[in-house]
Each structure stands twice: as C-alpha cells, then as structure tokens.
There are 2 protein chains.
Amino acid sequence: MSDEQAAERFNQARAAQAMAVLEDYAEMIGDLIEEMGEARITDIAGRMGVTHPTATKAVARLKRAGLVISRPYRGVFLTEEGAALATRVRARHRTVVDLLVAVGVPPETAELDAEGIEHHVSDTTLEAFEAFMAKAPTADRG
Amino acid sequence: MSDEQAAERFNQARAAQAMAVLEDYAEMIGDLIEEMGEARITDIAGRMGVTHPTATKAVARLKRAGLVISRPYRGVFLTEEGAALATRVRARHRTVVDLLVAVGVPPETAELDAEGIEHHVSDTTLEAFEAFMAKAPTADRG
DNA sequence: ACATAAGTGTAGCCAGTGCTTTATTTGAGC
DNA sequence: GCTCAAATAAAGCACTGGCTACACTTATGT
C-alpha cells in the first residue's frame, strides 16, 4: 500500500470519528424525546456520562451542524435532518449488534463494542452485514 | 438500559478512542522500522497523512506513554512495550479484516473500515471472530 | 569551509471535548 | 411578589490533534 493510500485510510478514520460524536448525541436526543417527550440538557449530560457544560457545548455543535434546534432554558429538539440521522444511526447500531451476535459474540459484549464500532461501518459494509444475516440468520451456531 | 450503563458505554468508547491514536502510531512505526530500518518523523507524518509537527507531537505522547524512544534529529524506535503493542494491534487488524471479508464485505472496503473498527474490538469479540473463522474459513460465500 | 536542501524541532493558532467554577434564568413554594 | 433550588449558560483551564511559520540541525556538494 502506498503512503498516500495509508494516509487516506487514516484520514477517513479520523473524519468518521469526528462525525461519531454528533451521531451519538443525535441518537440519544432522539431516544430522550421518544421516552420523555423532550430532551433536557441535564438528561443528555446524565446519559452521556458528562457534565452539563459539556452537554451544552455538544448541543451547540449540533445546532451548528443543523441537526437540532433549541432555545435557552428550553429543551433540545431534532431537526428533520437530525431525526433522519438519529434513525439511521439507530438502525445501524442494531445491525452491527446483530452481526456481532450472529458471528458468536456474547450479546452484552456485542452491545458494548458496537457503540464504538458502529461509527466506522460504511454503507457497503452495512449492506454486507444485512446480506450475511439474511442468508444465515443464526450463523449456524452450535 | 439505565443512564449509568449508557454513560459507561459511552465512556468506554471514548477511552478506546483515546488509545486508538497511540495504537495506530505504534503499529505504523513498527511497519516503518521493518520496511526501512528506522522510522523518521517525515515518514511517519507522510504515512499518517499529517504534517511533521503533528507527527512530532504524537511521538511526544508516545514517549510519554513509554511506547517509543527517540533522540532529536534521530529516528524513532519502539520500546519493548511499544513493539508488543504494535504486534498485538497488527494481529487484531488482520483478524478484523478477515472477519469482515468472511461475512461478505469487499476486501478493499474491509481494509478501509477495519482501520476505524479495530480499535473498538474487545478481546472477547476478537476471540469470537477467530472462533467463527476457524469454523467457517470462507463463510460459505457464493 | 561554506552554501544549500532536507529533515526536524518549536512556537503559536484553532477547534474539539472534557472539566470546574461562577452567573443567570426559570419555576415552585410560600 | 419574594425566595430558593434546579436547570442552564458563560467563562476559563487542560489536553488532544490538526495546522502554518519559522528556526535550527544534519547531510551533501562544491
């Protein structure tokens, strides 16, 4: 592999990582709205395991990215784009967990690892995962 | 899932990400030493797709982590710990790529996605991958 | 020895993502 | 309507990890 290709690979991985945080927040805000009708900064912070100021900053970035809207001292809400992203992320998360379980990873571990893995799964890979599971739903385990 | 569990998941993913950069650099420095006898800052930078100052900073962090040693204007070398990490990372990378290919991901895509995925694959999951491939080396494709 | 090019280091800037500390706003209870 | 607790915001710190610009070292060629 040439250095240029290697560099491209790393740059792509870095870009994916940058997106990952936004994806996590969008997904979680979607969850919170579904569960509690609205997403408050405090709830977001609690669930992400960070302090409120950190959550506030993250929301600011999400607003900048056009994924959410919010008004001071009011809840945070997903834009159409944000909601679409949240849905997509959630579906991908499920697929990754299912794939891991299908190849024999214990469910709890699959859930844990998927949190990091999912952000690096390309559309191509996701399709392959789905195709694989359609073909061998239980991976013929045992 | 409780908020605490969710937070723990995210914190774990964040910790994995912090380690990922060190792993990438250690692996690549190992590659360079193997290929060219030594790892120069410029080579590291070129292959990572970053500028030399960035590579220099990364090497400084690696030194702080005890993974490499270096003297000004001389090459960078892995410590025993760094070499062990590089070996481990390289093996894991291969396993992840192979697993992806085994479930039907195109090889080039597998290589690309593995770069990001590998850092989030726990030992448990890695073992499951190996067991899966031992059982179905070609995943019965086609 | 000296000039020059390549490699390396350093300084300073920016953005992201965490933190703590300190206002401010909101909303509930009196 | 005032007070107070909770929620939110704002500001400042630290570290990572990019960058550019500039200084310095090394190696090479004359």
Side-chain angles (χ1 to χ4, degrees), chain A residues 3 6-26 28-29 32 36-77 115-116 119, chain B residues 3 6-26 28-29 32-33 36-65 67-77 115-116 119:
Chain A
D3 280 16
E8 177 53 34
R9 249 194 327 150
F10 287 116
N11 279 316
Q12 185 163 326
R14 276 194 289 270
Q17 186 52 34
M19 194 62 205
V21 179
L22 295 184
E23 290 179 344
D24 279 343
Y25 275 97
M28 158 164 329
I29 289 169
L32 285 170
M36 344 221 314
E38 64 174 353
R40 310 304 301 258
I41 288 285
T42 300
D43 299 330
I44 295 169
R47 196 164 293 196
M48 287 297 290
V50 301
T51 55
H52 322 152
T54 299
T56 301
K57 274 200 198 176
V59 167
R61 281 195 298 277
L62 287 165
K63 285 178 77 166
R64 224 181 309 149
L67 298 174
V68 307
I69 51 176
S70 75
R71 290 190 352 264
Y73 299 100
R74 294 291 178 268
V76 177
F77 299 94
E115 190 60 55
H119 300 292
Chain B
D3 280 13
E8 178 52 36
R9 252 199 320 154
F10 286 115
N11 279 316
Q12 184 162 327
R14 275 193 290 269
Q17 186 52 36
M19 194 62 204
V21 178
L22 295 184
E23 290 179 343
D24 279 341
Y25 275 96
M28 157 166 328
I29 289 169
L32 285 170
I33 290 173
M36 341 221 314
E38 65 175 351
R40 310 304 300 258
I41 286 285
T42 300
D43 299 330
I44 296 169
R47 197 163 290 198
M48 287 296 292
V50 300
T51 54
H52 4 123
T54 299
T56 301
K57 274 199 199 177
V59 168
R61 282 194 296 278
L62 287 165
K63 284 178 78 167
R64 223 180 311 150
L67 298 174
V68 306
I69 52 175
S70 77
R71 290 189 354 262
Y73 298 100
R74 294 291 177 266
V76 177
F77 299 94
E115 191 59 55
H119 302 291

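In this text the structure is predicted, and so the values were computed from the model without any measurement.
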Practice task
Would you please confirm or rule out a distance under 4.0 Å between OP1 or OP2 of C:dT8 and any side-chain N or O of B:Thr42?
Solution key: yes

Handout entry: Donor-acceptor under 3.5 Å (A:Asn11 side chain, A:Ala7 main chain)
Key = yes

Problem - Contacts of type side chain to side chain donor-acceptor pair (under 3.5 Å), residue B:Thr42, not counting sequence neighbours - result: none

Completion exercise
Going 5' to 3' through nucleotides 15-22 of chain C and flagging B where a protein heavy-atom sits under 4.0 Å of the base, S where only the sugar-phosphate is that close, and - otherwise, we get -SBBBBB-

Practice task
State the CE-CG distance between B:Met28 and B:Asp43, to the nearest 0.5 angstrom.
Solution key: 10.5 Å

Exercise for the section: To the nearest 0.5 Å, tell me how far B:Arg74 CZ sits from B:Ile69 CD1. Expected result: 13.5 Å

Exercise for the section: State whether the side chain of A:Thr54 and the backbone N or O of A:Val50 hold a donor-acceptor pair below 3.5 Å, judged by distance alone. Expected result: no

Problem - Separation between CD1 of B:Ile41 and CD1 of B:Ile29, rounded to the nearest 0.5 Å - result: 7.5 Å

Handout entry: Residues that B:Asp24 engages under side chain to side chain donor-acceptor pair (under 3.5 Å), provided they are two or more places apart
Key = B:His119

Exercise for the section: Give, ordered by number, those residues of residues 66-76 of chain A having at least one heavy-atom distance below 4.0 Å to an atom of DNA chain C; if nothing qualifies, reply none. Expected result: A:Tyr73, A:Arg74

Practice task
Using the test side chain to side chain donor-acceptor pair (under 3.5 Å), find all partners of A:Lys63 that sit at least two apart in sequence or belong to another chain.
Solution key: A:Ser70

Practice task
List the atom of A:Tyr25, the atom of A:Ala58, and the distance in Å for their closest heavy-atom pair.
Solution key: CZ-CB, 3.3 Å

Exercise for the section: Could you tell me the separation between the CZ atom of A:Arg40 and the OH atom of A:Tyr73, rounded to the nearest 0.5 Å? Expected result: 11.5 Å

Pairs under 3.5 angstrom, nitrogen or oxygen only, protein versus nucleotides 3-5 of chain D, please.
none

Fill in the blank from the handout: In whole angstroms, the gap separating P of D:dT16 from CD of B:Glu23 amounts to 16 Å

